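From a predicted model like this one, the values you see are computed outputs, not experimental measurements. When reading the values below, keep in mind they use all heavy atoms of this one structure, side chains included, and skip hydrogens, waters and symmetry mates. Each chain gets a letter, A, B and so on, in the order its sequence line appears, and its residues count up from 1.
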Amino acid sequence: MKIGYPCINTSVECRGNRTFRLATYSEEKLIKTAGSNIDCLKSILSYNISHGILFFRISSDIIPFASHPVMDSDWQDYFRSDLEEAGEIVKSSGMRISMHPDQFIVLNSPREEVVSRSIAELEYHADLLNLMCLDASAKVQLHAGGRYGDPESAKNRFVSVYRERLPEKVKKRLVIENDDRIYPVKDCLDISEKTGIPVLFDYFHHGLRSHGEDLPGLLEKTFATWRRSDGVPMVDYSSQEPGSRPGTHARTLDRQNFIDFIQKSGNYDFDIMLEIKDKEKSAEKALRILEHDPRLVTRWTS
DNA sequence: GGGCGTCAAGCGTAT
DNA sequence: ATACGCTTGACGCCC
């Protein structure tokens, strides 16, 4: 079991997700910004290793505008050795990596231009992980898309796009995740059945939108969708920030909620991404809990 | 050198 | 029909 956090580290000086305005795009700016993002990624990876954090989500902004039509330089070639070095840090430490394209990436949209842009963006994510020379256990996680008033047709559109249009390099990394409003786990499992795509279980989203299934049963079903080459299943974890509107991620790890989740989750091995606002601080907190709480110590064998 | 309107992209929901 | 939230920040124009 590995513990991770997404995209931003608040303890290091640098930022690995800096960007700039499309209106001021230039190749020079791209190289400068992406170069500094990659440098920062290396610093964050080193920080993670020295703090025992072996799971990390890389920001989609690392190469700004990578899949945008404005991009006319060969960023892959330019940053090849830098990315290879970053990948070497990951591999030599046994770290796990994920990425999460944002809400604009919708494979089942009825609008063709949305679908083709989304595919291009997924290709960028796959290219980046390939340039880091990471194996198929480094995943790109995506929500299943919109409902458009007819969920069955919408889900079938996802299946068709997956089967007919996604290149192999994307398929080997893509996983789908239940979201908080549109598609709960059950729909993701339906899509998985038809495509073989692994399902990433999001515990917080599940609490907000589900069919009332019990946790161990759902973990068993989602985990069964992961093949050996996919690595151990990934799970997203968060909890409700008290006093904020439902769906707001916690500011910091809720110790008791986290312990409850781990205890309820049985004896499966999986990697946990903490979607909590204080980032690496909560990851460190979670590690301390797992290492020192006698009730959880059997879960913490690695 | 600080203030603040705005940022590539899409959904569903509330109003 | 339009604004808002989504991880919220931070870019960069304006004074």
Whole-Å gap separating [atom2] ([N]) and [atom1] ([X]):
| X | N | atom1 | atom2 | result |
| --- | --- | --- | --- | --- |
| A/R157 | B/dC11 | CZ | C1' | 13 Å |
| A/D179 | C/dT7 | CG | P | 11 Å |
| A/I63 | B/dA8 | CD1 | C1' | 17 Å |
| A/D61 | B/dA8 | CG | C1' | 11 Å |
| A/Q141 | C/dT7 | CD | P | 11 Å |
| A/L22 | C/dC11 | CG | C1' | 13 Å |
| A/R181 | C/dC4 | CZ | C1' | 11 Å |
| A/E113 | B/dA8 | CD | P | 18 Å |

Nearest to the side chain of [X], heavy atoms from C-beta on, is which of [options]?
| X | options | result |
| --- | --- | --- |
| A/E121 | C/dG12, B/dA8, B/dG10 | B/dA8 |
| A/R15 | C/dG12, B/dC11, C/dA10 | C/dA10 |
| A/K29 | C/dA10, B/dC11, C/dG12 | C/dG12 |
| A/R18 | C/dC11, B/dA9, B/dC11 | C/dC11 |
| A/Q103 | C/dA10, B/dG10, C/dG12 | B/dG10 |

Atom of [X], atom of [Y] and distance for their closest heavy-atom approach:
| X | Y | value |
| --- | --- | --- |
| A/V175 | A/W226 | CG1-CH2, 4.0 Å |
| A/S59 | A/M99 | O-CE, 3.8 Å |
| A/S118 | A/L107 | CB-CD2, 4.1 Å |

Does a salt bridge link A/E284 with A/K281, judged by any charged N lying under 4.0 Å from a carboxylate O? no
Under 4.0 Å between a Lys/Arg side-chain N and an Asp/Glu carboxylate O for A/D190 and A/K186? yes
Is it the case that the side chains of [Y] and [X] hold a donor-acceptor pair, with the cut-off being a distance below 3.5 Å and no angle test?
| X | Y | value |
| --- | --- | --- |
| A/S60 | A/H125 | yes |
| A/N130 | A/R173 | yes |
| A/E123 | A/S67 | no |

Pairing pattern in dot-bracket form [Watson-Crick, G-U; both distances under 3.5 Å; | = partner strand] for DNA chain C: ||||||..|||||||
Considering only atom [atom1], compute the distance from [N] to [M] and round it to an integer number of Å.
| N | M | atom1 | answer |
| --- | --- | --- | --- |
| C/dT7 | B/dG3 | P | 29 Å |
| B/dG5 | C/dA3 | P | 16 Å |
| C/dC11 | B/dA8 | P | 13 Å |
| B/dC7 | C/dC6 | C1' | 15 Å |

Does A/F104 stack onto the base of B/dG10, taking stacking as ring centres under 5.5 Å apart and planes under 30° apart? no
Please check the phosphate of [N] (OP1 and OP2 only) for any side-chain N or O of [X] closer than 4.0 Å.
| X | N | result |
| --- | --- | --- |
| A/T19 | C/dA10 | no |
| A/S109 | B/dG10 | no |
| A/R147 | B/dC11 | no |
| A/R21 | B/dT6 | no |
| A/R117 | B/dG10 | yes |
| A/H249 | C/dT7 | yes |

Short side-chain to backbone donor-acceptor contact, A/K279 and A/I276, under 3.5 Å: no
